[in-house]
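Every chain is numbered from 1 and lettered A, B, ... according to where its sequence line falls, protein lines coming before strand lines.
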Number of protein chains: 2
Amino acid sequence: MNQIRVSIIEDDIIVRESLVNYLELKSEIGDIQAFSSVEDFEKNYINPTTILPDIIILDIQLPGKTGIQGIPIIKQIIPDTDIIMLTTFEDSEKIFDALCAGACSYLSKRSTLSSIFDCIITVSKGGSYMSPPIARKITQFFIKKNSIENPLTDRQMEIAQGIVDGLSYKMIANRLEISLDTVRTHIMQIYRTLNINCKGQLIKWALNNKIH
Amino acid sequence: MNQIRVSIIEDDIIVRESLVNYLELKSEIGDIQAFSSVEDFEKNYINPTTILPDIIILDIQLPGKTGIQGIPIIKQIIPDTDIIMLTTFEDSEKIFDALCAGACSYLSKRSTLSSIFDCIITVSKGGSYMSPPIARKITQFFIKKNSIENPLTDRQMEIAQGIVDGLSYKMIANRLEISLDTVRTHIMQIYRTLNINCKGQLIKWALNNKIH
DNA sequence: TAGTGCATCACATCAAAATGTGATTGATTT
DNA sequence: AAATCAATCACATTTTGATGTGATGCACTA
């Protein structure tokens, strides 16, 4: 197997150097490049003949552009690269922002060097690795949707589903074979129950909860 | 530290026994229970004095109720337990269904016994562990949302945000300090651009894409 | 400089939604 | 037996939404 080319973008010189020194000893890894900012990284890859990294280890807190802002830039230069975030931040928002932007793994800086190495190997094999506390936050993201118990009756859910499907009251009435007025009554009741006052909020509620 | 109590729900006797035999050797783990179906598991916990497991290893393909159907049942009996899925299925749908239902980890049956053990330890510490290919599928779930580039202008996004927030056109006009007619014009333009024809679809689009 | 895209506003019309009050039926619970 | 709740339907009013046509000012670009 070819050696894995790794770039590190990290402003903290101690972290950066210790990572470089550690990874240099690994036979699986070759051609390690280190940068202290996204801008630095960009400069180096203006020349299209430059050898591109397979994997990038990216800090979030950087001078100039943040790591998260850097992800789309990096992806533009090297669309096929895999990005591993390595940061002190463990709040859900940053994690989701990074994943949405296109990071494939997210490591806490509290991770050991050997687990960072494991992550690189895992990612190079097409997998993905998360620090356990971060993985837990991600699983919790999925859970919450079902945890709120549904305060609507079955019939009300059918009405709500119609709304989410973009149907007019009239069409819902046809679909469920009831009168337009009944649909109205149901909807008013739904609004009361959910403490909302318009269709928009109902759709939002539905999409954030049960209905897909 | 106390020993971790583990229950295994797995119909394949070979998998089940090898797992039990392996885990019994581990000093971190005590009180291993094994069941061949969710129904079996339920029966055992009718008596409220039964010692409850900290962690449950759950197969998806089971006789009777599936593992995914079993999750809410298990959570009802033992709300605080952590559920690790251990299955041959690696398709996104099953993974997301399991996570939405409340599983906190998801392991491929191709995982080694030692990585299953690692997973148990990780989960018992409040973390979460995914097999690398599964973790990759989860990260991809997040990516796609942003990959569609936003066809709306900044101003149009502000209007759309108003709609998502459940405001009427009039309220949006007030918020952005423009006339009601301008809001209307923007919305018509948005509908054209997104190829939709009502508020509901716009909200759906927005929630499935950028806006939270 | 002419063209294009974006944001702004106005006028007009019809369809749809929001909201209230009131009433009936059947099932379930107390 | 009485009360409650879910689901059904009717009538009436006001507000909001959908849609079209037309026009102005600004910034950017070919």
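- For the pair A:Ile187 CD1 and D:dT8 C1', the interatomic distance rounds to 14 Å; values are reported in whole Å.
- Here the nucleotide nearest the side chain of B:Thr153, chosen from C:dC6, D:dG17, C:dA16, is C:dC6.
- In this entry the distance linking CD1 of B:Ile196 with P of D:dG17 reads 14 Å, nearest Å.
- For B:Asp154 and C:dG5, the CG to P distance is 17 Å, given to the nearest whole Å.
- Shown here is B:Gln76, whose CD atom has no more than 12 heavy atoms of other residues, nucleotides or ligands within 6.0 Å.
- Residues A:Ser7 and A:Tyr45 have side chains that bring a donor and an acceptor to within less than 3.5 angstrom of each other.
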Set out, line by line, the N/O atom pairs under 3.5 Å between protein and nucleotides 22-26 of chain C.
none

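- Heavy-atom nearest nucleotides on DNA chain C were determined for A:Cys198 and for B:Asp181, and the one closer to the 5' end corresponds to B:Asp181.
- Atom CG of B:Leu176 and atom C1' of C:dA7 are 12 Å apart (whole Å).
- Toward the 5′ end of DNA chain C lies the nearest nucleotide of B:Arg155, the other residue of the pair B:Arg155 and A:Leu180 mapping further downstream.
- For the pair B:Ile172 CD1 and C:dA7 P, the computed distance is 15 Å after rounding to whole Å.
- Side-chain atoms of A:Tyr191 lie closest to C:dT19 of the nucleotides D:dG17, C:dT19, C:dA17.
- A heavy-atom distance below 4.5 Å is found between the side chains of A:Leu23 and A:Ile120.
- Listed by chain and number, the residues in a side chain to side chain donor-acceptor pair (under 3.5 Å) with A:Asp118 amount to none (sequence neighbours excluded).
- For B:Asn197, the side-chain atoms get nearest to D:dT19 when compared with the rest of D:dT19, D:dG17, C:dT19.
- Between B:His186 atom NE2 and C:dT8 atom C1' there is a gap of 7 Å when expressed in whole angstrom units.
- Counting any heavy atom pair closer than 4.0 Å across all strands shown, B:Thr182 reaches a base atom.
- Straight-line distance from the CG atom of B:Leu202 to the P atom of D:dT19: 12 Å, rounded to whole Å.
- The side chain of B:Lys170 approaches D:dT16 more closely than any other nucleotide in the set D:dT19, C:dG20, D:dT16.
- One can place CD of B:Gln189 at 14 Å from C1' of D:dT21, the figure rounded to the nearest angstrom.
- Judged by distance alone, with hydrogens and angles left aside, the side-chain atoms of A:Tyr129 form no donor-acceptor pair with the main-chain N or O of A:Ile116 at under 3.5 Å.
- In this structure, the side chain of B:Thr87 does not engage the main chain of B:Ile60 through any donor-acceptor pair within 3.5 Å.
- Ranking C:dC9, D:dA10, C:dA17 by closeness to the B:Ser179 side chain, first place goes to C:dC9.
- Between A:Arg184 and D:dT8 there is no side-chain N or O to OP1 or OP2 distance below 4.0 Å.
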Task: Worked verdict on A:Leu176 versus A:Arg155 for side-chain contact (heavy atoms from CB on, under 4.5 Å) - done: CA-CA 9 Å; A:Leu176 302 180; A:Arg155 197 53 162 174; 4.0 Å; yes
